[in-house]
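Below, read A as the first sequence line, B as the second, and so on, with proteins coming before strands; counting in each chain starts at 1.
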Protein chains: 2
Amino acid sequence: MPQVKDPSAHHHGNLRAALLAEAERVIDNDGLDALSLRGISKALGVTHAAPANHFGDLPGLLSELAADGIRRLAARQAAAVKEAGPDLRERAHAIARTYFKFAVEHPGLVTLMSRSNRLYRDRPSIKEADAEARRMVDEIASENQKKKKLDPVRAAAERTALRAMIHGYSMLYIDGRLGPTFASLPEGMTPEAFFDVVLDVIDFP
Amino acid sequence: MPQVKDPSAHHHGNLRAALLAEAERVIDNDGLDALSLRGISKALGVTHAAPANHFGDLPGLLSELAADGIRRLAARQAAAVKEAGPDLRERAHAIARTYFKFAVEHPGLVTLMSRSNRLYRDRPSIKEADAEARRMVDEIASENQKKKKLDPVRAAAERTALRAMIHGYSMLYIDGRLGPTFASLPEGMTPEAFFDVVLDVIDFP
DNA sequence: TACGTCACTTGACGGTGGAAAGTTACCACC
DNA sequence: GGTGGTAACTTTCCACCGTCAAGTGACGTA
């Protein structure tokens, strides 16, 4: 068959970045299940096998996407913590609030980030981004432990409680499973504001 | 109770129940992603289009599976609450502990139950089972609210905090994302025991 | 100029869920 | 005691998916 002599045919320029951008667009607009390699390839005018050069396979692409998401989230959390000042509780709430806001803005991406079965969790890019994100929570918990001379198990439980609460609340919300809850709330109370009250139920820090 | 028929060529006898059982077996052994209509159909010696008669489509089958899981979990939680006695905190912890134990025993099923995109959340069978499960948490929160004369928003936040904690901790655990946390814990501390400590971080009831 | 590698295309394979139409067994009714 | 309808299952087809192997063209380099 005729070969199309398009100079850009063999060198898209920045296909890798374009694929990631298009994948994120699809994921956040139509959900993780709507994403396919063939779909994003066609959208960029490239054949279905092109992504393999840059990402190997689908989990490979998703891993890079997730790692990027984790990094961006961690950056925003770091900024929020900085702005929150020295108070430990303020800092913890800033981390949680920022996560939730990010999850509302990018529900598909956050869903992907927490779905180990769709990515290669062991990739350095993900492990490092994950560690960076966890470091902030650990720092707060450690300071609190030192200040209150807490038993190490209690300190670990506080860390885990905050993580579980952030993850649980965000996922329940994204999944639409807090609908009845919000229906019973006062008019005008936003999910963000309610999350602050929920966080206050935790006895930490 | 379903009538048992003669398993002849065109009437399997109890295909519906057999499909659900096989699907649950696959899900809990190999994960939700390993499940396919064709797979379970072949395992039962039936063609891939047979399930459509009983469930319509794949989300239809998954919905029935999820509803059954929710019902069984709710029954176990009800029994645990009954055994826990009158103390509100004991009852709340019993609900949470039972959920987590169920999640450890049936990770695939619990994952499915919390994945709205794979099921028809609006089906009566699911909505009723869900409501039944939520009723127990609501009851505790209401009693606590009355006893302590709490602001309604605070009471709603307590309900939600418990739900988020249960869901978040279980999911993080199932996904293997608490690995580093457990590594830092004292020898012999089980995930169940640690969950009790995590639950104590919540100031409720 | 020749070579090797990168970036992408082409075409095929086995898998998926779903829809449409055909077959067979049973059951109620006249 | 035939007849018609319906439920349960099969067969065949379609569109789509990810992955793989082989091919092709452009480019940097020796």
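For the pair A/Arg38 CZ and C/dC13 P, the interatomic distance rounds to 14 Å; values are reported in whole Å. Atom CG of B/Leu62 and atom P of C/dG17 are 10 Å apart (whole Å). Here the P atom of nucleotide C/dC8 and the CG atom of A/Leu19 are 8 Å apart, to the nearest Å. Rounded to whole Å, atom P of D/dT10 lies 14 Å from atom CG of B/Leu37. As a whole-Å value, the separation of B/Ile40 CD1 from C/dT16 C1' is 13 Å. Atom CG of B/Leu15 and atom P of D/dA7 are 16 Å apart (whole Å). Atom pair A/Asn14:CG and C/dC6:C1' shows a separation of 15 Å (rounding to whole Å applied). In this structure, B/His48 atom NE2 and C/dT16 atom C1' are separated by 10 Å, rounded to whole Å.
At the heavy-atom level, B/Asn53 lies under 4.0 Å from base atoms of the strands shown. Residue contacts for B/Pro59: at a heavy-atom cut-off of 4.0 Å it reaches the sugar-phosphate backbone alone, with no base atom in range.
Heavy-atom neighbours of B/Glu83 CD from other residues, nucleotides or ligands within 6.0 Å: at or below the threshold of 12.
Relative orientation of the B/Phe194 and B/Phe182 rings is perpendicular, given thresholds of 30° and 60° on the angle between their planes.
Here the side chain of A/Ala50 is nearest to one of C/dT9, D/dT11, D/dC17, namely C/dT9. The side chain of B/Ser36 lies closest to C/dG17, out of C/dG18, C/dG17, D/dT19. Of the listed nucleotides (C/dT10, C/dA20, C/dC8), C/dA20 has the atom at the smallest distance from the side chain of B/Ala49.
Of the listed residues (A/Asp28, A/Ile27, A/Asn29), just one forms a side-chain contact (heavy atoms from CB on, under 4.5 Å) with A/Arg25, and that residue is A/Asn29.
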- Item | Pair A/Glu105-A/Val110, side chain to side chain contact (heavy atoms under 4.5 Å, CB included): steps then yes or no | CA-CA 9 Å; A/Glu105 288 172 29; A/Val110 170; over 6 Å; no

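Atom NE2 of residue A/His48 and atom CD1 of residue A/Ile40 lie 13.0 Å apart, to the nearest 0.5 angstrom.
Between A/Thr47 and C/dT10 there is no side-chain polar atom (N or O) within less than 4.0 angstrom of OP1 or OP2. Between D/dC9 and B/His54, a contact under 4.0 Å exists linking OP1 or OP2 to a side-chain N or O.
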